[in-house]
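Numbering of ligands and ligand atoms starts at 1, following listing order. In what follows, every heavy atom counts, from backbone to side chain, and hydrogens, waters and symmetry copies are set aside.
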Amino acid sequence: MVVLGIPYDSNQTYITGSRFAPTYIRIASESIEEYSMLQGIDIRNLDISDWGDVEVSFGNFEETSKRVEHALKELSFAEKYLFIGGDHTITLFTINFFRGEVRKYVHLDAHGDFEDTYLGSRYTHDSVLRRIGEILGWENICLLGVRSLSQKAHRELENLGIEYYTSLEIKENPEILRDNLRNADYISIDIDVIDPAYAPEVANPEPLGLAPVEIINGLLETKPKFVDVVEAVPRDHTSITAILAATLIREILIILSKT
Ligand SMILES: [Mn+2]
């Protein structure tokens with residue numbers, strides 16, 4: 001199993017700096033136990049290699065795409081992958097590369113990420129789910145935890161028949177999370193799906209979100225091949241959002257190692 005940071009951010013307009021997330025999440029991981037009490041496993045006993053970060057080209061989607069592709073070709077021996085963003089654009093790089101291996105893609109996010117273009121560009125954190133749907137097919141994507149999108153994007157989700165559930169629906173029925181994650185090959189976790197009370201340091205905080213334990217409970221029975229954790233914007237090494245991301249990643253590495 002490989003861990004790869006993709007510290008690309010572009011077009012972030014409110015709280016910026018997801019490029020620093022892989023570094024601060026790794027620093028935070030030093031402060032927490034390697035042993036998961038929840039799952040009874042110490043990640044030091046797993047076969048994990050951390051390949052550091054791709055050297056991205058800020059502001060240049062095409063060049064960064066080439067660089068990520070080059071890195072992923074080198075890492076094609078791996079059976080499981082954990083990617084750390086970066087903003088949500090990074091999922092386009094990984095989905096583009098692994099498109100043939102992803103039958104079900106689940107997007108955990110407060111936002112729809114479903115604009116056709118954002119600030120004049122088709123390849124941004126705010127249009128990533130639409131681009132992924134175009135690649136994988138609308139029936140193969142699912143959006144969970146959403147609570148913020150434009151009325152136009154909302155209508156389009158409906159018209160295209162895309163499966164989506166709001167954070168409020170999931171709060172009422174946690175089975176939605178478990179059922180939709182169970183068969184996912186690729187799980188993309190925008191850390192803003194979690195309520196800003198727990199994860200304040202994100203690019204666009206949205207209240208009315210899920211609790212970290214709800215996310216963990218939803219993930220425990222899953223068997224993905226690919227997971228990414230994106231959109232954290234930790235300010236420094238004391239960031240509680242980085243500690244939360246590091247804790248989630250510890251549990252995810254164990255889940256990835258299980259199949
Ligand atoms: Mn997102």
- Task: Starting from the C-alpha separation in whole Å, work towards a yes-or-no answer on ring-ring contact (aromatic ring centres under 6.0 Å, His included) for His88 and His111.
- Result: CA-CA 11 Å; His88 220 148; His111 308 96; 9.4 Å; no
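- Residue contact annotation: His125 places no N/O/S atom under 2.8 Å from the Mn ion (ligand 1).
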- Item | Verdict with supporting geometry, Tyr164 and Glu158, side-chain contact (heavy atoms from CB on, under 4.5 Å) | CA-CA 9 Å; Tyr164 72 91; Glu158 290 277 346; 2.5 Å; yes
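- The OD2 atom of Asp190 and the OD2 atom of Asp109 subtend an angle of 90° at the Mn ion (ligand 1), given to the nearest 10 degrees.
- Between Tyr118 and His125, the distance from one ring center to the other falls under 6.0 angstrom.
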- Message: Set out, in order, the CA-CA distance, both residues' side-chain angles and the distance that settles ring-ring contact (aromatic ring centres under 6.0 Å, His included) for Phe61 and Phe93, then state yes or no.
- Response: CA-CA 9 Å; Phe61 180 86; Phe93 303 134; 5.0 Å; yes
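- Among the atoms of Asp113, an N, O or S atom falls under 2.8 Å of the Mn ion (ligand 1).
- If you look at His88 and ask which of its N, O or S atoms sits nearest the Mn ion (ligand 1), the answer is ND1.
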